[in-house]
Amino acid sequence: MKRIYMDYAATTPVHPEVVKAMTPYFTEKFGNASTIYSFGREAKAAIEESRDIFAKSIGADISEIVFTSGGTESDNFAIIGVAYANKKKGNHIITCKIEHHAVLETCHYLEKEGFKITYLPVDKDGIVNPEDVKKAITKETVLITIMFANNEIGVIEPVKEIGKIARENGVFFHTDAVQAFGILPIDVDDLNIDLLSISSHKIYGPKGVGGIFIKKGVKMVSFVHGGEQERKRRAGTENVSGIVGLGKAIEIAMKEMPKESKILTVLRDKLIKGIMEKISDVRLNGHPANRLPGNVNLSIKYIEGESMILNLDMEGICASTGSACTSGSLEPSHVLLALGLSHEVAHGSLRFSLGKYTSEKDIEKAITSLSKIVDRLRKLSPLYKKDK
Ligand code: PLP
């Protein structure tokens, strides 16, 4: 059976050109970038080339880029780094309720350390109101951290307006761009961004590598101490092959972005329309238009997301649910609850995230399979029988 992958927001396959670019750095070009002989210089040059590619892709300077182990570390670094370095100015941070756990858990940690965190609400479509951000700023505020695009419902936040408010109030602005980078154009100057997190494995690069943009002048402390790598901002022998892979992945993403986002938007809308036409009692979660080109998040009433995922998997289709996390928690997604969904409706949600290798045929197959599965499961659902 052909497997159909529709979970590109979770991770992506590594692009063949990325694998090709990385391979020599495992074998003949294996040097430690901190050494001064030719092997080391070769590794160092490759790292700097990737740094240049990343910097140019967001309109930053090469000195403003630090490589990390991924989106989670970049988020931790940005938030903890700014919080600790600016403690004298204040101890207040503003974020929102639908952030990724990499941001939310970092904020929870800082709360235990004595920081005050404001978790802003979102509207029914998942959008943060910039006016709420403005109102939440106090004399103690040192950082605003609002994501670029949400990983579950794909909504794109008003980053430019929020960045402007931050700048006007002398507060640093961080954005978790893990889901947006490589898919949407980003210019850090134009968008008033001070810190930005990215991850390689969401853009057809390898896992375990990412990066952070830190605008010149942002007061930060480092929390990985040791050698002098990354200009003392993040110690540890560099993941050279990973960084080379990330650079190549960025290069490809920037080239293919305009064409790819058009194709994905068409496929996304076809999937939404097809499901809405074939299945009753379906709700699209997240703003209908202001969302990532490949994101479809739906609540299908009267059935559990998990049952749909397992049944889709039996048909070779890999999607994901926003209703409970993989740890087995029975709590529905904090993102869906923040939109105002009831526990019951949030439990019946499903996320399809489309990418480079999704075809029209895959979309058609997903629509037919899902409608058959929903029919079958609803016949077994006591709630459905009661209502109908
Ligand atoms: N932030 C967002 C919005 C994400 O979607 C993810 C990954 O799912 C992360 C952060 C964490 O990135 P990583 O897996 O590279 O640690």
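The chain is numbered in sequence order, starting from 1. Atoms within each ligand, like the ligands themselves, are counted from 1 in listed order.
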Heavy atoms under 4.0 Å from ligand 1: which residues qualify? Gly70, Gly71, Thr72, Asp75, His100, Met147, Asn151, Asp176, Val178, Gln179, Ser199, His201, Lys202
Could you walk me through whether Asn151 and Val178 pass the side-chain contact (heavy atoms from CB on, under 4.5 Å) test, one step at a time? CA-CA 8 Å; Asn151 45 302; Val178 167; over 6 Å; no
Please list all pairs passing the side-chain hydrogen bond (donor to acceptor under 3.5 Å, both in side chains) test where one or both residues lie in residues 240-262, with sequence neighbours left out. Lys248-Glu251, Glu256-Lys356, Glu260-Lys356
side-chain contact (heavy atoms from CB on, under 4.5 Å) partner of Ser349, the single match among Ser320, Ser333, Ser299, Pro332: Ser299
Identify, with sequence neighbours excluded, every residue that meets salt bridge (Lys or Arg N to Asp or Glu O under 4.0 Å) alongside Glu315. Lys365
Please determine, by modelled atom types, if Asp281 and Tyr302 share a side-chain donor-acceptor pair under 3.5 angstrom. no
Which residues satisfy the salt bridge (Lys or Arg N to Asp or Glu O under 4.0 Å) test with Lys89, sequence neighbours excluded? none
